[in-house]
Chemist: 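Here it is, the structure, as structure tokens.
Scope of the values below: all heavy atoms of this structure, side chains included, with no hydrogens, waters or symmetry mates.
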Amino acid sequence: MNLQNVRWPVVVAAMAATLVALFAAGFVLKSRMWEEPLKALYTGSPAVESYNVDRNDDRYVITIRLKATPDLAAAYQALDEGTGRILKSTPYTLKVEDRRTPALAEAYRPVNLYVQEALTTGRFAAMGTQVMDEANKAGMTARVDVDSNRVYVQLQDRSGAYLYSVVDRPQPAGAVRYPEGGIGL
């Protein structure tokens with residue numbers, strides 16, 4: 001093939017058009033496969049006030065502002081399960097925002113120590129009692145839930161402000177985390 005007879009402007013234009021078409025197809029595919037289903041999941045949830053989806057390298061970082069809910073664990077598990085079903089093998093982080101006040105944040109400081117201790121020792125019943133005691137001393141209500149993957153702490157003051165904490169439990173070496181909530185070794 002004689003390169004002098006190639007019409008270079010046509011070749012460059014064809015390559016540019018191909019690249020534009022590929023980027024557009026990728027955008028439409030991403031929108032249809034992830035963004036629209038995530039939007040439907042979060043806007044359809046009675047627990048979600050607002051949400052934001054960011055892409056950080058190869059991971060989605062999803063920040064969800066939750067409304068006051070009586071059961072943080074159930075709300076979080078439903079959102080995490082739905083997100084996992086939509087994103088499939090794409091890694092993501094689900095972050096929770098709340099309506100905390102400085103007083104709630106200060107009350108959470110000793111509570112966090114109890115949570116971290118329980119994660120190390122496995123004494124979750126004692127942690128629950130200690131969290132309730134701290135909340136009562138501060139004039140707040142508390143709820144603590146534990147499943148095989150996480151520890152959920154809810155604190156609420158008399159004004160209606162609330163603090164939510166979701167802490168991942170460490171998994172044993174070689175363990176596989178299943179979306180249904182169990183772990184396999």
Side-chain angles (χ1 to χ4, degrees), residues 23 26-116 118-119 124 127 131 134-135 138 140-157 159-171 175-183:
F23 280 117
F27 178 78
V28 169
L29 182 65
K30 176 183 159 191
S31 175
R32 299 241 171 159
M33 288 189 64
W34 294 312
E35 290 176 0
E36 290 177 17
L38 287 174
K39 179 181 179 182
L41 172 68
Y42 302 139
T43 58
S45 171
V48 175
E49 184 176 306
S50 64
Y51 73 95
N52 184 44
V53 179
D54 289 318
R55 181 83 180 205
N56 188 358
D57 295 325
D58 64 336
R59 172 178 292 277
Y60 279 94
V61 178
I62 303 162
T63 306
I64 298 174
R65 178 177 290 270
L66 295 177
K67 299 175 185 174
T69 180
D71 191 350
L72 171 63
Y76 187 93
Q77 289 164 357
L79 293 168
D80 186 44
E81 182 182 304
T83 302
R85 209 173 31 252
I86 292 166
L87 294 180
K88 296 182 175 66
S89 62
T90 304
Y92 67 92
T93 301
L94 198 58
K95 294 182 178 182
V96 173
E97 285 187 349
D98 51 30
R99 298 248 180 230
R100 66 182 63 192
T101 62
L104 280 165
E106 187 60 32
Y108 184 71
R109 290 170 56 93
V111 166
N112 185 50
L113 291 174
Y114 299 133
V115 170
Q116 296 305 318
L119 290 171
F124 294 106
M127 174 207 54
V131 169
E134 288 293 330
M140 300 174 183
T141 59
R143 178 173 174 159
V144 179
D145 292 293
V146 179
D147 64 21
S148 61
N149 296 322
R150 296 174 196 90
V151 175
Y152 308 87
V153 177
Q154 297 174 246
L155 295 177
Q156 186 167 0
D157 66 14
S159 74
Y162 51 93
L163 179 147
Y164 294 154
S165 173
V166 179
V167 182
D168 287 334
R169 291 179 61 182
Q171 301 302 312
V176 177
R177 190 178 293 210
Y178 294 103
E180 299 82 32
I183 57 172

Chemist: Measuring from atom CG of Asp168 to atom CG of Leu119, what distance do you get when rounded to the nearest 0.5 angstrom?
Modeler: 9.5 Å
Chemist: One pair to check against side-chain contact (heavy atoms from CB on, under 4.5 Å): Val115 and Val151. What are the steps and the verdict?
Modeler: CA-CA 8 Å; Val115 170; Val151 175; 4.1 Å; yes
Chemist: Does Glu81 come within less than 4.0 Å of Arg85, counting only side-chain N to carboxylate O?
Modeler: yes
Chemist: Taking side chain as C-beta onward, heavy atoms only, is Asn112 less than 4.5 Å from Ser165?
Modeler: no
Chemist: Under 6.0 Å between the ring centres of Tyr42 and Tyr51?
Modeler: yes
Chemist: State, to 0.1 Å, how close Met127 and Ala118 come at their nearest heavy-atom pair, and which atoms those are.
Modeler: CB-CB, 3.6 Å
Chemist: What closest approach, in Å, do Leu72 and Gln154 show between heavy atoms, and which atom pair accounts for it?
Modeler: N-OE1, 3.0 Å
Chemist: Write down the atom of Ser50, the atom of Val48, and the distance for their closest heavy-atom approach.
Modeler: O-CG1, 3.5 Å
Chemist: For the CG atom of Leu113 and the OH atom of Tyr108, what is their distance to the nearest 0.5 Å?
Modeler: 9.5 Å
Chemist: Leu163 versus Asp98: any side-chain heavy-atom pair under 4.5 Å?
Modeler: yes
Chemist: Just so I know, are the side chains of Val144 and Tyr152 near enough to count as touching, which here means a heavy-atom distance under 4.5 Å?
Modeler: no
Chemist: Quick one: list whatever passes side-chain hydrogen bond (donor to acceptor under 3.5 Å, both in side chains) with Thr141, sequence neighbours left out.
Modeler: none
Chemist: When you compare the side chain of Arg65 with that of Arg99, does any pair of heavy atoms fall below 4.5 Å?
Modeler: yes
Chemist: Using modelled atom types and a 3.5 Å cut-off, is there a donor and acceptor pairing between side-chain atoms of Thr101 and backbone atoms of Leu104?
Modeler: yes
Chemist: Carefully, step by step, assess Asn56 and Asp54 under the rule side chain to side chain donor-acceptor pair (under 3.5 Å).
Modeler: CA-CA 6 Å; Asn56 188 358; Asp54 289 318; over 6 Å; no
Chemist: Show your working on side-chain contact (heavy atoms from CB on, under 4.5 Å) between Lys95 and Val61 and close with a plain yes or no.
Modeler: CA-CA 7 Å; Lys95 294 182 178 182; Val61 178; 3.9 Å; yes
Chemist: Side chains of Gln171 and Asn149, heavy atoms from C-beta outward: is any pair under 4.5 Å?
Modeler: yes
Chemist: So, Arg109 and Glu106, do they make that salt bridge, N to O below 4.0 Å?
Modeler: yes
Chemist: Atom CG in Asp58, atom OH in Tyr92: separation rounded to 0.5 Å?
Modeler: 14.5 Å
Chemist: Please check: side-chain N/O of Arg143 versus main-chain N/O of Pro70, any donor-acceptor pairing under 3.5 Å?
Modeler: yes
Chemist: With rounding to the nearest 0.5 Å, note down the distance linking OH in Tyr76 to CG in Asp71.
Modeler: 14.5 Å
Chemist: What is the distance from atom CD1 of Ile62 to atom CG of Leu79, rounded to the nearest 0.5 Å?
Modeler: 10.0 Å
Chemist: Find out whether the Lys NZ or Arg CZ of Arg100 is both under 6.0 angstrom from the six-membered ring centre of Tyr162 and within 45° of the ring's axis.
Modeler: no
Chemist: Quick one: does any side-chain atom of Arg55 pair with a main-chain N or O of Asp57 as donor and acceptor, under 3.5 Å?
Modeler: yes
Chemist: Would you compute the distance between atom CG of Leu38 and atom OG1 of Thr83 and round it to the nearest 0.5 angstrom?
Modeler: 6.0 Å
Chemist: Would you tell me whether Tyr164 and Glu97 have side-chain atoms, one donor and one acceptor, within less than 3.5 Å of each other?
Modeler: no
Chemist: Heavy-atom count check: over 12 atoms from other residues, nucleotides or ligands less than 6.0 Å from Lys67 NZ?
Modeler: yes
Chemist: Do you know the tightest heavy-atom contact between Leu41 and Gly82?
Modeler: CD2-C, 3.6 Å
Chemist: Please determine whether a side-chain nitrogen of the Lys or Arg among Asp147 and Arg169 lies less than 4.0 Å from a carboxylate oxygen of the Asp or Glu.
Modeler: no
Chemist: On a heavy-atom basis, which atom in Leu155 and which in Ala142 lie closest, and how many Å separate them?
Modeler: CD2-CB, 3.6 Å
